[in-house]
Amino acid sequence: MMKGRTTNSVQSKRSIKNGRKDQKLQKRSSQKRLSEQEKHVDSDPSEAYETVDVAYLDDDVTERKEKEARECINADVWEDASNGALSAGSENESPDVVHFDDVSSREKIEHLEKRIERLEEELREVAALEISLYSVVPDHSSSSHKLHTPARRLSRIYIHACKHFTRGKRASIARNSVSGLVLVARSCGNDVSRLTFWLSNIISLRDIISQAFGKSHHTSESNGSKKGLQQLLEDWQETETFTTSLETIEQWVFSRIVESVWWQVFTPYMQSTESNSSEKQGSFSTSLWNNAFREALQRLCPVRGAGHECGCLPVLARMVMEKCISRFDVAMFNAILRESEHQIPTDPVSDPILDSKVLPIPAGELSFGSGAQLKNAIGNWSRCLTEMFGMNSEDDDDDDHVESDGKAFVLLNELSDLLMLPKDMLTESSIREEICPSITLPLIKRILCNFTPDEFCPDHVPGAVLEELNSAESNGDETLPEESFPYAASSVSYTPPSTMNVGEKVAELAGKMSRNVSMIQSRGYTSDEELEELDSPLTSIVDKSSDVTDSFTSNERYKLLRQVWV
């Protein structure tokens, strides 16, 4: 048994050894074949493929295919992943990403361009207002061209906007110009001279615009209802809105001037005054009010008040004085018809006179002689007003060049005529209508009852005349009750001056505006400051001989203004 097992084990060991030897021989033979194949490949590649052992080729091909398969799988995975990412992004974004970026950039550029354009427009308007309004010194001057610099500059930018800009830009310039004019007028306070400076410019501006576009001025009353006026003022793209707004400012400034002159000049002269006891009341009153008229002229226009010619519209001072003289006439009339000089005044506007010495005749003294004295004072005052303001109480109705409400001193003239008229003539209603149409019938009776005979008319008023007037009153001939005394002064109304009164000044401005060369760049012309000087503000207030100089910085708003300042 042992021998048999030993023999088997020995055989098995031998077989293992023989197998190993066979494997080694096979490897050696295969290596020889491979080396021979490599040699054959160098000589003929087709033969190498024919002599290769199939078993080994199969192994190499399998490995190669597996490697190629893995590479294909990885490529498919990456392709699917990239396709999935793109498909996922296409749900929220444009498939052409580059095109989307181009559109977004283009929109941003267009938005910035529009914004820059709007800012440039605003800068240009600010520069125009700055040089037309805020940098102007409102002083009167003998040069009409220099005095009306604001009107010329504002009209220049507005006319250019109407020709070259859109309607929206035109509306913006008109609205901002009106706002600027209101602002500078408010800043004047109660300075009459500065107010008349701006009023002259506003009227000239409106007339230049009206002539340029063929628009005629119209008063606020002619606009119809307030609703219609409001609708008109809301449409700033229309030139009529601009001119109507300017006319509204004119009325407001004009009322402020009248009120300022009345309270600063006329009212103080109506208070207690010092007079020479040896001087007669009539001559004192005439001299006093001539001085008051002269002071009013100096406040309205200092240049004309000093006896020189001024560039402002002369019609303005006359219009203001007409309103003040109308109040003055009512105040004098009420004070003269008081029962006595000690009667207390009742109204600061219609009946403000405290000192009876300022009256041309004593209060309550009604006679033929006082009527003549009153007529003499009226003549002296009228001549003074004609000399200083061009007012003429006798020829106003015949002068087409004068804007006037009628003759000056209406009530005082009628009172003086009534006192000097034969009293029996007053029984005729036609005579009363011709001689004293502004004096009511009850007040006529009151005047006749207080009439005092003197050396010029020693007779009393006949009783038959009073009875006839009582009969006419009972028949309803009177138009106003007796309680209407004292008379009330009318409110300040404004009628724009005619083109004939403004045309000469405007024609001068319009003619010079028609030059091709920009006037703002005309060096040495005294009416237009250089834009470069505004870039260096200290140059106008620092002595040129000093070493102090202001650094020059170019402002873009002035460059933009030069482009359109034609």
| query | Got a sec, which residues hit side-chain hydrogen bond (donor to acceptor under 3.5 Å, both in side chains) with D424, two or more places apart in sequence or on another chain? | reply |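 Here no residue qualifies.
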| said: Please enumerate all residues that pass side-chain hydrogen bond (donor to acceptor under 3.5 Å, both in side chains) together with E125, with sequence neighbours excluded. | reply: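 Residues passing side-chain hydrogen bond (donor to acceptor under 3.5 Å, both in side chains) with E125: S172, N176.
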Non-neighbouring partners of [X] that pass side-chain contact (heavy atoms from CB on, under 4.5 Å), sequence neighbours left out:
X: S490; value: S326
X: P458; value: none
X: S350; value: V330, N334, D347, A488, A489
X: H308; value: V303, A306

Salt bridge (Lys or Arg N to Asp or Glu O under 4.0 Å) against [X], all qualifying residues, sequence neighbours excluded:
X: D351; result: R338
X: E259; result: R327
X: K423; result: none

Donor-acceptor pairs under 3.5 Å, side chain of residues 370-379 to any protein atom, not counting sequence neighbours: which ones?
{"from": "S370", "atom 1": "OG", "to": "E365", "atom 2": "O", "distance (Å)": "3.3"}
{"from": "S370", "atom 1": "OG", "to": "S367", "atom 2": "N", "distance (Å)": "2.7"}
{"from": "S370", "atom 1": "OG", "to": "S367", "atom 2": "O", "distance (Å)": "2.8"}
{"from": "S370", "atom 1": "OG", "to": "S367", "atom 2": "OG", "distance (Å)": "3.3"}
{"from": "Q373", "atom 1": "NE2", "to": "P360", "atom 2": "O", "distance (Å)": "3.1"}
{"from": "K375", "atom 1": "NZ", "to": "N413", "atom 2": "OD1", "distance (Å)": "3.1"}
{"from": "K375", "atom 1": "NZ", "to": "S416", "atom 2": "OG", "distance (Å)": "3.2"}
{"from": "K375", "atom 1": "NZ", "to": "D417", "atom 2": "OD1", "distance (Å)": "2.9"}

| Restricting to pairs with a member in residues 170-199, which pass salt bridge (Lys or Arg N to Asp or Glu O under 4.0 Å), not counting sequence neighbours? |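 The answer is none; no pair qualifies.
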| field | salt bridge (Lys or Arg N to Asp or Glu O under 4.0 Å): pairs with one or both residues in residues 434-445, sequence neighbours excluded | value |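 Residue pairs with at least one partner in residues 434-445: K445-E473.
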| said: Taking the side chain as everything from C-beta on, heavy atoms only, tell me whether N380 gets closer than 4.5 Å to W289. | reply: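 The answer is no; the side chains never approach within 4.5 Å.
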| request: Report yes if some heavy atom in the side chain of I173 is under 4.5 Å from a heavy atom in the side chain of F242; otherwise report no. | output: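 The answer is no; the side chains never approach within 4.5 Å.
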| said: I'd like to know whether CD of E387 has more than 12 heavy-atom contacts from other residues, nucleotides or ligands below 6.0 angstrom. | reply: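 Count not over threshold, so no.
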| field | Crowding at CZ, F456 (>12 non-hydrogen neighbours, <6.0 Å) | value |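 Open: at most 12 neighbouring heavy atoms sit under 6.0 Å from CZ of F456.
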